[in-house]
Structure formats: C-alpha cells, structure tokens
Number of protein chains: 2
Amino acid sequence: MGSASGPAAKKASAADVARHAGVSMQTVSRVARDLENVQPATRDRVRASMVELGYSPNRAARALRSGRFHTIGVIMFTLSSFGNTKFLEAIAEAAGLVGYTITLLPVSQRTRGEVTGAIARLSEQAVDGVVIVIEADLLSEDDVDLPADVPVVIIDSSRLSERPFIDTDQALGARLATQHLLDLGHETVWHIAGPQTFYAARRREAAWREVLESHGREVPPPFTGDWSTGSGYRAGLEIARRPEITAVFVANDGMALGLLRACHELGRDVPSTLSIVGFDDMTESESFWPPLTTIHQHFDEVGRSSVAMLVAQIERTTPTPVTMVPVDLVVRASTAPPPGA
Amino acid sequence: MGSASGPAAKKASAADVARHAGVSMQTVSRVARDLENVQPATRDRVRASMVELGYSPNRAARALRSGRFHTIGVIMFTLSSFGNTKFLEAIAEAAGLVGYTITLLPVSQRTRGEVTGAIARLSEQAVDGVVIVIEADLLSEDDVDLPADVPVVIIDSSRLSERPFIDTDQALGARLATQHLLDLGHETVWHIAGPQTFYAARRREAAWREVLESHGREVPPPFTGDWSTGSGYRAGLEIARRPEITAVFVANDGMALGLLRACHELGRDVPSTLSIVGFDDMTESESFWPPLTTIHQHFDEVGRSSVAMLVAQIERTTPTPVTMVPVDLVVRASTAPPPGA
DNA sequence: CTCCACGATGTTTACGTCAACATCACGGAG
DNA sequence: CTCCGTGATGTTGACGTAAACATCGTGGAG
C-alpha cells in the first residue's frame, strides 16, 4: 500500500512534475537524465516531486524523440538447446550491464522462410540492433539480406556473412577431443556428428577428420544424429555392438548421453572398453555415468562479446574485434586407454 | 541487394507514403492497421507505395499514441533451470500468436531487494504487462507491492498473492510419485527435498508427507538439496550406503541424476535395490541410466495459460480462470518392487 | 426531385519527450 | 559603472502515429 497513488489517475508526465515543482518541463527532463547543469536545490525539489507523483519517463516518447529504444533483439530458433539458453542468459546479463533490455524475436520453424520473415520484420521491431543465433546455412547473404540499417551481430562460425560474427572455436574443440583420445592410445576415433545443416556440426566433423588424417589414421565413416539424446542412442546401439570401436567423439553431450545409455543396455563398459568425449559441457554432464569427458564451451563469453560488438555498432564506438572464443577440454571418467593397452 | 533503398535515406513515414500515394496520412494509417473502411483500389495503391518506399510503422510512435507496446515482460531469476527455460519458450510462443513480443527483465540475484527493484522499475519499462516466474517467498505482498496499474500474472502455486497466478499442481505430482512407490510394495518412501525457500519444494514435501501419513507409514526425515545435481549426489552418498532405504522420491530430475551417480559409484543397483522417482521430466531423463521414472510437468501449458490470462487483463476481455495444471506420472526403469518382494 | 444516411476519405490535434534556441540573473573585467 | 560572459532555466517545435471530428459524394426512400 505504501505510496498513495490517486484513484485511477493517469500516469504523471514531465509536465505534471514541472507544474508541481514550479519549474519547466525541460528542467524536469534534465533532472530525469541526470544532466549536470541543474542547481542542487532545484534538482532536489524536482526529485521530490517526481517521487510524490510517482513519475517515471515514458519509454515510447523517449524512443520516438531520440530514435533509440535501448533494446537488443535476439533471434533464435529454440530455447530448448543448452547452448541457446546459455547464450540468451549471457546476452541478457551483459546487455543489462550497459543499460539495454533484451527482446525475443522468435522464429518457430527452422526454415529459411521464417528467418527471412523475422529479419524482414526487423525494422518494425522496437530494437536498436539484433543478435542472431542461427546456423549460417539459413543466413547466406544471397537469400536473406539483412537490412543494411540495422546493426547486427551473428553468433556463428561461418565466414559467409560480411556482418560481424563471433563464435566458439569449434575446430579447436574437435581437435582437442580427438587428440585426447589418440593420446590415450586409441588406434582411431569414431564420430557421431550433428546434423549437416548446422555449420558447427560440419566444423566439428571436419576438424576431427583432419586430426585423424594428419596422424595417418583411418577415418571411419561418421554416424549422423540430430543433437537429440535419441539419435545418440540409436547410433549407440550399433556402436556398442562393434568391439573394434574403442573411442568415440560425439558432437554434443546430449547425443553422448544417448550413447551411454545404449552402452549400459548392451553391457558395453565405459570407459574400460569404450572411451567417449562429448561437446558442450552441459550442467548435467559431470553427473552422467560415467561422468563425461567433454569440451567446455564458454557460452557466457560468447554472449558477452556479442553484446559488446553490437553496442559498439549501435553507439558507434570502437568495435571489439573478438571473433573466436577458445574452449577447454574437461577430462572426466568416460575416457581411458583402449582395452589392449 | 533486392530493394533499392535510397542512399542514407531516413526511414519513410506515413506522411511520405501518403504523399506518394496521393492520399491522406489517415488513410495510410488505416491501411497499415488493416481496418475495414478503405476502398480496395485505394488500399492497393497505398500498399504499393508502402512497399516501394520500404515503409514500416514506427513502434515508438504507435506506442506513444496508443499507450500499448504489444510487449510482455518476463521476470525470472535465471534461465539455467529447466523449468524456467521451458516457461520462457512457451510464453514467447504463445505471446507471438496473439501479436505480442517478449522482453526479458532479468533479476540477477535471488534476493528480495533485486526483485523489488525490478518490479519498481516496471512502470518505466516498455511493457503492457508482466509474467513473474519467481518463488512466492520473495513476493509476499507485504514487502513487494506490485504496481496496481500493471497487469501481472504470477507463475507460482502460492496463494499468498492476490494477483492472478497459475502453476503446476505440485501436490498432485508429489502424491502420484509417492503413491507409485507405495503401490510397488515399498514400506515407506524417502525424500530429497528442494530448498525450502521455494514454495514448490515445500508443496512437494508436504504432499509426500501427507501420503505417507494417510497410509500410516513412517515418515523418514527428508534430505534437503538445492536442485543441483551436486546436492543430489551428496544426499545420494548417504542414501546408497543405507540398505533400509528402498525408495526415494526426489524433488527434481537434476538431483535424481546426482543420486543415480552416487548409486553407481557405490555399486547400489537401481531399481533392484533402490527405486527412484524424479520430478520435471526434463529432456534428458529418459536417457539417464536407468531411464528415470518421473513426474511430467506441462510447462508449455502453464506458459500458454499465463499469457492468456495476462492478455485478458491487458485487453480487458474475459479472463481465463485456469489456476492449476495437472501432471502425469511417467513410469520408466528406475522404479521396481522392493528387494524382498 | 429532394433530402438524408452512410461509407470513404481528409483535417486537426494530442500523445510525452528532448533538442535547439531564447532569456535571465549574476559577477568579474575593464 | 558598464558590459559581457557564464551558467541556470524557460519556450518552442518537432518526432510519427492514431483518435476525434469534419467533409464529400453517392444512392435510395419518400
């Protein structure tokens, strides 16, 4: 109950405050924006009136006048993926620190049409700029031209776009994972890849292949999943039955969990007869059985940087030129030397 | 390149379109809003001009004039919890369907002060209403009075607030879980509770207790975790060592995963010597080892309803009076009759 | 044939703020 | 003592839209 707001009173405007404090609207505006040239006494009086009337500036009017919404739009397909969620959280937090708010511009279907639509509708959104968290395949500039007047940052490791982008160093992660397994003494490393429409999936697969080739090892045909635990499980049902497979690099932790499940069902012991490395280091991975060796992505760092780059564009300050964020190999109990060793 | 936008041209306004099409601004406005009373010929001409000039209405001006932002604010502590993520996704999708956009109003710390602050700043946000996804403890009306003029829906099962609220039927879920274990023949059921500051945790614990008491069973002292896998693991280290414990109802799937890990480490077989039921049915739960019996929450339904209720308030249409969303027991492989049976 | 109702379209104004410019008081330099 | 610079404060006028009201033309009822 605290403050007594008038009955059904419309919200107080700067003019109301001005009248109440006996000053001009402009002075109210100056106080509201914390500008320098206002006498302390006046400032206090205006502040008191603002509190008493429950005044707060109207964002719409501010935006109309200044052309700035102090809002960043985020375009992503889904919140169901661990990475996207972490990105969003990091973006929201970083944006908050520099006075921006996040607006979700959802795209329901993973189709080019939806993306194009969302981007086309961009200019009628109340945003100053946009962070796009969508696989590059659907963003090649030929099909979707981003409005030239909207600041954009793309979270993606494709270099197809001419817009600023940033992402995890996918190749580094895949290299670390594959190398770790080779270092343990495995003859070669198998792979469960993500869907090929995802640039990240292709990068991880390519880097895995390169490491094997550079060591002169046989490159086994990769399995392909869709990131889901179910697809990892299905690949796992075959892998668990083939004793010649002793090491697998899985393109994400979810599919690795599915693989683990298949191994348990078929009695294939991990890590003594099969080593597994995942990718993402999702929250639960350390509690899988066995705890999963994986590649830790710094989602928060990527999110933070994307905001920094975007705000630099919006406010035309010096851009932050970070474009690749490194990863860490986290060794847990799902990897070990091969059976014979 | 497609459309040829003038060099550094300012955005076209309704006045520009009006001039170009030879009509009044008002007619442009009518066409833009798809109102009825415009002659087809005129409408087409205006539409053509809009396309040619690349016109799109200015949200700020619209909001200023109409007082509506067509935006819903969401206040939540974190995106790291499975439930919150699902809520947000459902809210965003449902909002999109009725022409609203979602803005994130983040609260970094789980403290009363932060919540109060976020709510106090509410009226200066560009939102028409707010969905609050925060445990009731921090929202008891004594401390935090929600601005009376802002439509609010609270996702929470506390009945403390006088504002509209909606939530999963926590008690039903806990009852189903506990009953399921008793039905299998277990003498009693132990419990790993969530943090007591969460209303949901208290509700689940209370319902678990009631079921046991109503069957005249002993009520063992509950363990208490903090929702994290780590806390479930720590409780699990003790549980796995006590053979008299044959059934555990865990307040969320994450802690259940931790318990599973402890059981694996200590060689306690699930479900033959210990049955486990979780709560949430997170995406990964069916791939745990063994796949987890759990309570499926309809997060999407709760999210959808919250939007419906909020939009009803904003647009003063008939409110949707749903306040409790049921749950389903999903039986998987982590539960079985007790060892002796 | 006249009048009026009705639908289509135009004109005016206000929404709340901020930028640009105007004014005003004061005090120090000459 | 006058002049003018300086800093505080006031006045005016957009920003782009939509509501309220005004106008215009047309066709049907009487």
Side-chain angles (χ1 to χ4, degrees), chain A residues 9-50 53-71 99 123-128 149 315, chain B residues 9-50 53-71 99 123-128 149 315:
Chain A
K10 291 294 171 194
K11 277 199 53 179
S13 75
D16 300 327
V17 176
R19 211 171 306 119
H20 187 273
V23 298
S24 74
M25 262 182 48
Q26 186 55 222
T27 300
V28 174
S29 171
R30 281 191 268 255
V31 172
R33 284 177 295 155
D34 264 330
L35 298 190
E36 293 302 319
N37 40 352
V38 177
Q39 207 136 39
T42 311
R43 180 184 304 272
D44 291 345
R45 193 150 37 91
V46 172
R47 285 248 172 78
S49 295
M50 296 199 301
L53 300 181
Y55 168 77
S56 62
N58 180 313
R59 297 263 288 214
R62 269 198 174 167
L64 174 58
R65 187 61 243 245
S66 68
R68 288 283 165 75
F69 296 95
H70 281 273
T71 297
S123 54
E124 52 187 294
Q125 294 294 342
V127 297
D128 301 316
D149 50 339
E315 300 181 350
Chain B
K10 292 292 172 196
K11 278 198 53 179
S13 77
D16 299 328
V17 176
R19 211 171 306 120
H20 187 272
V23 298
S24 74
M25 260 183 52
Q26 187 55 221
T27 299
V28 175
S29 171
R30 280 192 269 255
V31 173
R33 284 178 294 156
D34 264 330
L35 299 189
E36 292 303 318
N37 40 351
V38 177
Q39 206 135 40
T42 312
R43 179 185 304 273
D44 292 345
R45 193 150 37 92
V46 173
R47 285 247 173 79
S49 295
M50 296 199 302
L53 299 181
Y55 168 77
S56 62
N58 178 314
R59 295 265 288 214
R62 268 197 174 169
L64 174 59
R65 186 62 243 237
S66 67
R68 289 282 164 74
F69 296 95
H70 281 273
T71 298
S123 55
E124 51 188 293
Q125 294 293 342
V127 298
D128 301 316
D149 50 338
E315 301 180 351

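Just so we're on the same page: letters track the sequence lines, and every chain starts at 1. The shown structure was predicted, so the numbers you read here are calculated from the model rather than taken from an experiment.
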Looking only at side-chain N and O atoms, does [X] come under 4.0 Å of OP1 or OP2 in [N]?
X: B:Ser29; N: D:dT17; value: no
X: B:Thr42; N: C:dT9; value: yes
X: A:Arg33; N: C:dA19; value: yes
X: A:Ser13; N: C:dC15; value: no

For [X] and [N], give me the distance from atom [atom1] to atom [atom2], rounded to whole Å.
X: A:Phe69; N: C:dT17; atom1: CZ; atom2: P; value: 16 Å
X: B:Arg68; N: C:dC15; atom1: CZ; atom2: C1'; value: 15 Å
X: A:Leu64; N: C:dA14; atom1: CG; atom2: C1'; value: 12 Å
X: B:Arg45; N: C:dG10; atom1: CZ; atom2: P; value: 8 Å
X: A:Met25; N: D:dG10; atom1: CE; atom2: C1'; value: 11 Å
X: A:Arg59; N: D:dC15; atom1: CZ; atom2: C1'; value: 18 Å
X: A:Gln39; N: D:dG10; atom1: CD; atom2: C1'; value: 15 Å
X: B:Arg19; N: C:dG10; atom1: CZ; atom2: P; value: 14 Å

May I ask you to decide if [Y]'s main-chain N or O and [X]'s side chain share a donor-acceptor pair within less than 3.5 Å?
X: B:Asp16; Y: B:Ser13; value: yes
X: B:Asp128; Y: B:Arg68; value: no
X: B:Arg59; Y: A:Gln125; value: no

Identify which nucleotide among [options] has an atom closest to any side-chain atom of [X], counting heavy atoms from C-beta outward.
X: A:Asn37; options: C:dG10, C:dC18, D:dA8; value: D:dA8
X: A:Val38; options: C:dT17, D:dC15, D:dT9; value: D:dT9
X: A:Ala61; options: D:dA18, D:dT9, C:dG16; value: C:dG16

Tell me whether the side-chain N or O atoms of A:Arg65 pair up with the base of C:dA19 as donor and acceptor below 3.5 Å, since no angle test is needed here.
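For A:Arg65, whose side chain was compared with the base of C:dA19, there is no donor-acceptor pair (under 3.5 Å).
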Examine the base of C:dG10 for any acceptor or donor lying under 3.5 Å from a partner atom in the side chain of B:Arg30, and report the outcome as yes or no.
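When only heavy-atom distances are counted, B:Arg30 does reach the base of C:dG10 through a donor-acceptor pair under 3.5 Å.
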Can you name the closest pair of heavy atoms from A:Ala60 and B:Ala63 and give their distance?
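Residues A:Ala60 and B:Ala63, closest heavy atoms: CB-CB, 3.7 Å.
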Shortest non-hydrogen separation from B:Ser49 to B:Val17 and the atoms involved:
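Of all heavy-atom pairs spanning B:Ser49 and B:Val17, the closest is CB-CG1, 3.9 Å.
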Looking across every strand, which nucleic acid part, if any, lies under 4.0 Å from B:Gln26 by heavy atom: base, sugar-phosphate, or nothing?
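Base contact.
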Regarding B:Ser66, tell me which of base, sugar-phosphate or nothing describes its non-hydrogen contacts under 4.0 Å with the strands shown.
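Here B:Ser66 touches no strand at all.
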